Amino acid sequence: MSRAAALPRCRRGPQWRWNSTLHYNGWFPPGQEIRLSLEQDLLEQRLKRIGDLKALGFRPYGARFDFTHTIPQILSEYGSKTSDQLAPRVDVRVCGRIQTLRRMGKAGFAHLAQNGERLQIYVKKDAVSGRDFALYELLDLGDIIGAEGYLFRTRTGELTVHVERLEHLAKTLLSMPEKWHGLEDVEMRYRQRYLDLIANPEVRRVFETRGRIISSLRRQLEQRGFLEVETPMMQPLYGGAAARPFITHHNTLDVDLYLRIAPELYLKRLVVGGLERVYEINRNFRNEGISTQHNPEFTMLEFYQAYTDYRGLMDLSEELLRQTALDAAGTTVAEFEGHRIDFAGVRRLSLREAVIEYWKDGPRPSMEQLADAEWLKWRSTKGTPGEAVLDLFERYAEAELIQPTIIYDYPVETSPLSKSKPDEPGYVERFEIYAAGMEIGNAYTELNDPQEQRRRFEMQLRMREKGDEEAHQMDEDFLRALCYGMPPTSGEGIGIDRLAMILTGSRSIRDVILFPLLRPEEAIGLAERLRSLDAV
RNA sequence: GGGCCGGUAGCUCAGGCGGUAGAGCAUCUGCCUUUUAAGCAGAGGGUCGCGGGUUCGAGUCCCGCCCGGCUCACCA
């Protein structure tokens with residue numbers, strides 16, 4: 001059993017029947033005592049408590065609650081006020097989830113959590129009605145309640161609500177993670193992210209930062225006149241990247257479709273149609289391995305700007321990254337795996353310069369050697385000189401690119417959609433952005449000559465025939481669009497998940513994706529147990 | 001897919017060379033009207049991931065499998 005199953009699995013078979021009492025039906029030796037699991041006991045207790053709440057006239061799953069402040073608002077408004085400054089009394093109505101509970105007989109304290117912050121409340125028997133005090137005595141860690149009262153400071157100085165009325169808003173039936181260590185089990189954190197969010201405040205911060213990254217990019221692109229669009233996720237032909245796709249099926253049309261590996265070819269069709277600055281922030285799906293840097297579905301920003309080239313996008317990228325870091329993290333410097341990664345500026349060097357600079361295998365090669373097919377053959381198993389140079393880059397340089405770096409000018413063989421350099425047909429006007437040793441962006445001057453695009457597709461088809469499963473397919477509809485004329489254009493993709501990793505200091509991509517793909521969990525058996533307790 | 005590490009109470013974790021499973025938090029009972037990892041006294045709670053094997057005896061040793069993490073390969 002995986003540790004993620006928060007509940008012990010239901011025991012199946014005729015000898016067991018979950019109920020308020022355990023029924024013995026002849027499968028166990030007579031007289032043998034069989035104990036209920038704790039979770040079962042707990043469920044039963046909590047469901048009984050719901051009955052008690054109802055008897056007091058409370059709704060166990062509550063109703064609308066009109067609060068005067070959120071907890072963060074109270075903390076920012078009154079967090080630094082002294083006792084004297086809280087007089088005359090400040091009345092508040094607040095709500096949140098109970099995160100700590102300290103009962104002391106006829107009084108007690110609790111912390112309510114809301115929006116990632118917590119506020120203490122104090123419930124004293126003399127200060128509330130008998131009904132509300134009875135409710136207080138029925139509260140469990142994790143319940144969601146509303147409280148009305150006035151602010152004061154306790155003897156130890158903590159800002160606290162002196163409660164005069166309580167409201168019950170939602171009951172928790174299962175026990176909360178441990179209060180001191182939080183939820184540590186990685187698998188459970190991913191599968192039951194809501195528990196992770198409840199128990200580990202820093203997780204909320206990560207996803208708040210991720211949200212700010214995306215809104216910052218949207219705002220910056222919109223300020224520059226880019227239009228946000230959405231293009232198909234289900235595509236009859238997949239393209240725009242080198243990757244294996246997921247396949248799905250549409251019943252009525254009776255066609256197989258691919259989940260997109262990139263939106264590129266559709267966005268360029270839009271540029272043909274006159275949407276000169278477009279962008280899309282959305283999911284791509286690649287049927288490849290899973291690692292700390294790869295999730296099968298991941299979020300990309302992809303944008304296209306007509307009438308510029310890859311040099312123009314280098315400048316734009318540098319500005320976008322700097323401002324995104326500032327908006328998301330408040331500083332251009334990110335702490336990642338012991339490195340201080342500074343997005344204030346982006347270094348630029350060509351792919352071949354990077355191979356030379358980071359060469360680790362004897363004397364550094366020369367530019368001439370990197371252009372020499374014979375020389376390359378001895379140093380890489382790849383089939384073409386261009387692929388060999390890229391191979392050398394990935395082996396020697398990629399992991400060394402810790403500070404944000406633009407690597408430019410790529411071999412044509414590995415870039416079927418990019419425009420060639422006018423003076424060097426074996427290379428294309430393409431760059432990738434690296435940081436923390438990861439590729440976080442990829443951009444190029446778009447190939448807009450349909451004849452050349454046709455030849456590139458045919459080159460890819462030949463690679464595919466040689467067994468390269470990821471080589472690009474022929475896309476005639478896209479070729480047709482280019483035949484109507486696409487302005488000189490440059491486009492770029494930025495991996496949002498990886499950028500979020502760097503800006504939040506997360507070592508695994510799963511820590512910046514709320515629900516990363518995991519193998520499905522086995523049956524939990526909760527419905528059956530709830531059913532067995534339904535009459536309680 | 002390969003290598004390494006892990007899975008023990010609801011949660012966080014101990015369990016030396018194989019000898020009938022422990023702690024803290026949480027839960028339950030009692031006490032406690034400014035506590036804060038509240039406290040005090042007591043109680044309950046375990047198919048030790050699953051299945052085989054070795055053994056008089058397995059949480060512990062061996063084999064297979066499941067789930068997860070890291071890493072390599074692939075990929076962005």
Side-chain angles (χ1 to χ4, degrees), chain A residues 1-9 11-13 16 34-46 49 99-111 118 120-128 133 140-142 152-158 160 162 172-191 195 199 240-244 261-262 284-300 302 394 398 432-434 438-442 469-470 493-499 501 507-510 516 518-522:
Chain A
M1 176 182 120
S2 76
R3 298 191 62 203
L7 304 155
R9 276 167 307 166
R11 289 154 217 229
R12 296 186 189 286
W16 287 94
I34 298 158
R35 300 208 167 278
L36 289 168
S37 76
L38 172 78
E39 282 282 306
Q40 188 69 10
D41 271 344
L42 190 71
L43 263 181
E44 197 174 326
Q45 280 165 19
R46 298 282 168 97
R49 214 160 278 174
Q99 282 211 320
T100 67
L101 203 48
R102 292 176 295 281
R103 301 180 201 273
M104 296 172 298
K106 299 183 185 64
F109 291 90
H111 274 108
R118 44 164 68 178
Q120 184 168 262
I121 65 170
Y122 176 58
V123 181
K124 189 167 68 163
K125 192 166 186 179
D126 313 345
V128 298
F133 198 74
D140 289 300
L141 284 176
F152 77 111
R153 282 198 181 272
T154 61
R155 203 168 280 164
T156 53
E158 179 164 349
T160 302
H162 200 287
T172 178
L173 298 179
L174 297 172
S175 59
M176 290 289 122
E178 210 248 7
K179 63 182 171 186
W180 190 243
H181 299 90
L183 185 65
E184 299 280 338
D185 186 296
V186 177
E187 185 179 349
M188 209 184 300
R189 289 184 46 222
Y190 296 153
R191 287 196 199 276
L195 277 184
R244 279 142 65 197
I261 59 173
N284 290 340
F285 306 87
R286 299 189 185 173
N287 206 338
E288 316 252 344
I290 295 176
S291 78
T292 47
Q293 290 168 42
H294 301 84
N295 193 59
E297 56 176 314
F298 63 102
T299 303
M300 279 267 281
E302 214 161 288
E394 284 168 356
E398 181 167 355
E432 294 189 338
I433 308 169
Y434 288 85
M438 292 187 290
E439 182 188 338
I440 59 170
N442 179 18
E469 276 185 79
E470 297 186 350
I494 291 179
I496 298 298
D497 312 276
R498 289 185 178 177
L499 186 57
M501 284 169 67
R507 55 184 319 219
S508 169
I509 199 168
R510 291 180 211 101
L518 298 178
R519 230 172 249 284
E521 190 179 6
E522 58 190 279

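Within every chain, numbering begins at 1; the chains are lettered A, B, ... in the order of the sequence lines, protein sequences first and strands thereafter. If you're wondering where the values come from, they're calculated on a predicted model, not measured in any experiment.
Between the P atom of A26(B) and the NE2 atom of His111(A) lies a distance of 15 Å, rounded to the nearest Å. A straight line from CE of Met188(A) to P of C67(B) spans 17 Å, rounded to a whole angstrom. One can place CG of Leu195(A) at 16 Å from C1' of C25(B), the figure rounded to the nearest angstrom. As rounded to whole Å, 20 Å separates atom P of G6(B) from atom CZ of Arg189(A). Regarding His181(A), its NE2 atom lies at a distance of 14 Å from the P atom of C11(B), rounded to whole Å. One can place CZ of Arg510(A) at 9 Å from P of U71(B), the figure rounded to the nearest angstrom. Glu187(A) places its CD atom 15 Å from the C1' atom of C11(B), with the value rounded to the nearest Å. C25(B) atom C1' lies 17 Å from atom CG of Asp185(A), rounded to whole Å.
For Arg507(A), the salt bridge (charged side-chain N to carboxylate O under 4.0 Å, His left out) partners are Glu337(A), not counting sequence neighbours. Partners of Glu432(A) by side-chain contact (heavy atoms from CB on, under 4.5 Å), not counting sequence neighbours, listed by chain and number: Tyr410(A), Arg430(A), Tyr434(A), Glu439(A), Asn442(A).
Distance from the side chain of Ser175(A) is smallest to A26(B) among A26(B), U35(B), U12(B). With C74(B), C70(B), U27(B) as the choices, the nucleotide that has an atom nearest any side-chain atom of Glu470(A) turns out to be C74(B). Comparing G68(B), A76(B), U33(B) by their closest approach to the side chain of Lys106(A) singles out U33(B). If you check C74(B), C67(B), C11(B) against the side chain of Pro177(A), the one that comes closest is C11(B). The Tyr190(A) side chain lies nearest to G69(B) when the options are A76(B), G69(B), A37(B). Closest to the Met104(A) side chain, of the nucleotides A76(B), U35(B), G69(B), is U35(B). For Glu439(A), the listed nucleotide lying nearest its side chain is A76(B); candidates were C13(B), C11(B), A76(B). Among U34(B), U35(B), G68(B), the nucleotide with an atom closest to any side-chain atom of Thr160(A) is U35(B). Checked against A37(B), U27(B), G69(B), the side chain of Trp180(A) finds its nearest nucleotide in A37(B). Nearest to the side chain of Glu178(A), among U33(B), G69(B), G24(B), sits G24(B).
At the heavy-atom level, Asp126(A) lies under 4.0 Å from base atoms of the strands shown. Ile440(A) comes within 4.0 angstrom of nothing in the nucleic acid, heavy atoms only.
Between A26(B) and C11(B), the distance separating the two C1' atoms is 7 Å to the nearest Å. Distance noted for atom P between G18(B) and C74(B): 42 Å (whole Å).
Looking at which nucleotide of RNA chain B each of Arg519(A) and Arg244(A) is closest to, the 5′-most match is held by Arg519(A). Positionally, the nearest nucleotide of RNA chain B for Arg507(A) lies more toward the 5' end than for the other of Arg507(A) and Glu297(A).
Put simply, CD on Gln99(A) and CD on Gln120(A) are 13.0 Å apart, with the number rounded to the nearest 0.5 Å. Here CD1 of Ile496(A) is found 9.5 Å from CD1 of Ile440(A). Values are rounded to the nearest 0.5 Å.
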With both pairing distances under 3.5 angstrom for Watson-Crick or G-U wobble, and | for a partner in another strand, the correct string for RNA chain B is (((((((..((((.....[..)))).(((((.......))))).....(((((..]....))))))))))))....

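Taking side-chain N and O atoms only, Ser291(A) has no distance below 4.0 Å to OP1 or OP2 of C72(B). In this model, the phosphate group of U35(B) is approached by a side-chain N or O of Arg155(A) to a distance below 4.0 Å at OP1 or OP2. Put simply, Thr292(A) has a side-chain N or O that comes within less than 4.0 Å of OP1 or OP2 on U71(B).
Side-chain contact check for Glu178(A) and His181(A): at least one donor-acceptor pair (N or O, by modelled atom type) lies under 3.5 Å.
In this structure, G16(B) is classed as syn because its glycosidic torsion stays within 90° of zero. A syn base is found at C17(B): its glycosidic angle is within 90° of 0.
For the pair Glu302(A) and Gly493(A), the tightest heavy-atom approach, listed with the atom from each and the gap, is CG-CA, 4.0 Å.
Of the possible donor and acceptor atoms, one in the side chain of Arg286(A) sits under 3.5 Å from a partner among the backbone N and O of Ile261(A). Distance alone, capped at 3.5 Å, is enough to place a donor-acceptor pair between the Glu288(A) side chain and the Arg244(A) backbone.
Relative orientation of the Tyr122(A) and Phe152(A) rings is tilted, given thresholds of 30° and 60° on the angle between their planes.
Counting atom types as modelled, Thr154(A) pairs a side-chain N or O with a base atom of U35(B) as donor and acceptor under 3.5 Å.
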